[in-house]
2 protein chains.
Amino acid sequence: MASYHHGDLRRVLLTTAAAAIAESGPAALSMRDLARRAGVSHAAPAHHFGDKAGLLTALATQGFDLLADALRAADGDLLDAGVAYVGFAVRHRAHFDVMFRPELYRADDPELVAARARAGELLRGGVARRTGGQRDADALAAWSIVHGFATLWLAGALPPRVGGDPQAAARSVIGRLFA
Amino acid sequence: MASYHHGDLRRVLLTTAAAAIAESGPAALSMRDLARRAGVSHAAPAHHFGDKAGLLTALATQGFDLLADALRAADGDLLDAGVAYVGFAVRHRAHFDVMFRPELYRADDPELVAARARAGELLRGGVARRTGGQRDADALAAWSIVHGFATLWLAGALPPRVGGDPQAAARSVIGRLFA
DNA sequence: ACCCTAACTTGTCATTGACAAGATGGCATC
DNA sequence: GATGCCATCTTGTCAATGACAAGTTAGGGT
């Protein structure tokens, strides 16, 4: 038997939830099924997250932090940042799914707000190095195109001819911006 | 008392469901609450749609048809088609929300597949008039940018400075493509 | 040795989705 | 105009779920 005090349950629940959501979407996630997968009682998740919205808030927060990490690695280059954005969405599909669905979680949670602000800062930074032009509109266009591509990819809405490598396809698409 | 045979229930349920989803998202939609809003018994919706997935399949199908109508009105112009796409997303938020969430409905439903194909045809048509370039990648970029903008707008993820008119903002953003 | 509290469990309740079976009434057919 | 048919809608029921209340366990500080 595992010890009565799991000790690491919160993290395990988050990763398990991410896996479950990646399979069937946030709507299909059940607190009780999550508890079952983690081998704990049906009320254990509620202890750590309060309720379902609490869990998804934690997931979204983690997601914004992961996105910030991914963008940091691109180091300010617009194209790389865009590709990294798509890469993040594909690698962390569950987080991405939840992050932009604020009705599922508590969008005013302080930790969530802070993490989102950090990621937003890096997102804007990716465009900052471009010279001239209307920076705001450029940033918005860049964000829109990568977000749209990632969303369509994840939804399976893109035709097969796009190919199997989302990051490569994204690179080609982003190239159409400011061409 | 309303007559025992409602006669128009199916359509009423679809519009009521769209309103409910526009308020709180597809996840929060309850068949029983839907029945309550429509003033019918809790099992009436299931008669028309089978189950929740059936209802959302019907909504998505209707959504693709509405999108096709909106695109047709743009008459082949790329910029107009993009603005129309965003306008559709904002005006028919619930439909748009469901359409690109295939795990919520039966993506292989024949009527759904047909409606989606019709809309897809018009979508590609919006880019067809452009001369030269790699048409596929151009179409993908255009779709991505309008879809991303619409998604971000609906998620409330855009900063306030973007303003209150999504179609105007979209026009400016789309202008960054092929500039 | 003691308690204090975080971590988890058991128990419960209203609500939900899905299904089964019954009731109603318009409509075609004779 | 009586009869039968069947789509439409209702009532009834069941397992599963989310949320909450109350109890149990163990580890750490004093």
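Keep in mind that the numbers below use all heavy atoms, side chains included, and drop hydrogens, waters and symmetry copies. Note on naming: letters A, B, ... go to the chains in the order of the sequence lines (proteins, then strands), and numbering restarts at 1 for each one.
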message: Quick check on DNA chain C: between B:Ala43 and A:Ala43, whose nearest nucleotide comes earlier from the 5' end?
response: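 Counting from the 5' end, the first nearest nucleotide belongs to A:Ala43.
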
I need the [atom1]-[atom2] distance between [X] and [N], as an integer number of Å.
X       : N      : atom1 : atom2 : result
B:Arg10 : D:dA7  : CZ    : C1'   : 14 Å
A:Phe49 : C:dA7  : CZ    : C1'   : 13 Å
B:Leu9  : C:dT24 : CG    : C1'   : 15 Å
B:Leu13 : D:dT8  : CG    : C1'   : 12 Å

message: Counting only side-chain heavy atoms from C-beta out, which of C:dT9, D:dT10, D:dT8 sits nearest to B:Ala44?
response: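 From the listed options, D:dT10 comes nearest.
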
field: Distance, nearest 0.5 Å, that separates CD of A:Glu23 from CZ of A:Arg93
entry: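 A:Glu23 atom CD to A:Arg93 atom CZ measures 11.0 Å (nearest 0.5 Å).
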
Rounded distance (nearest 0.5 Å) linking atom CG of B:Leu177 with atom CG of B:Asp138: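 One finds 8.0 Å between CG of B:Leu177 and CG of B:Asp138.
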
task: Check whether any side-chain heavy atom of B:Phe49 sits under 4.5 Å from a side-chain heavy atom of B:Leu14, and report yes or no.
output: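 Yes, close enough: below the 4.5 Å cut-off.
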
Flag side-chain contact, heavy atom, 4.5 Å: A:Glu103 against B:Ser24: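 Counting from C-beta outward, A:Glu103 and B:Ser24 never come under 4.5 Å.
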
Output one line per pair: protein atom, nucleotide atom from nucleotides 15-18 of chain D, and distance, for all N/O pairs under 3.5 Å.
from, atom 1, to, atom 2, distance (Å)
D:dT17, OP2, A:Arg36, NH2, 2.7
D:dG18, OP1, A:Met31, N, 3.4
D:dG18, OP2, A:Ser30, OG, 3.3
D:dG18, OP2, A:Met31, N, 2.9
D:dG18, OP2, A:Arg32, N, 3.3
D:dG18, N7, A:Arg32, NH1, 2.6
D:dG18, O6, A:Arg32, NH1, 2.9

Qualifying residue for salt bridge (Lys or Arg N to Asp or Glu O under 4.0 Å) with B:Arg171, from B:Asp165, B:Asp77, B:Asp80: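 Going through the options one by one, the only one that passes is B:Asp80.
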
side-chain N/O B:His47 vs C:dC19 OP1/OP2, d < 4.0 Å: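 No, B:His47 has no side-chain N/O under 4.0 Å of OP1/OP2 on C:dC19.
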
Within the 6.0 Å centroid threshold, strictly below: A:His147 and A:Phe96: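 Judged by ring-centre distance (under 6.0 Å), A:His147 and A:Phe96 do meet the cut-off.
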
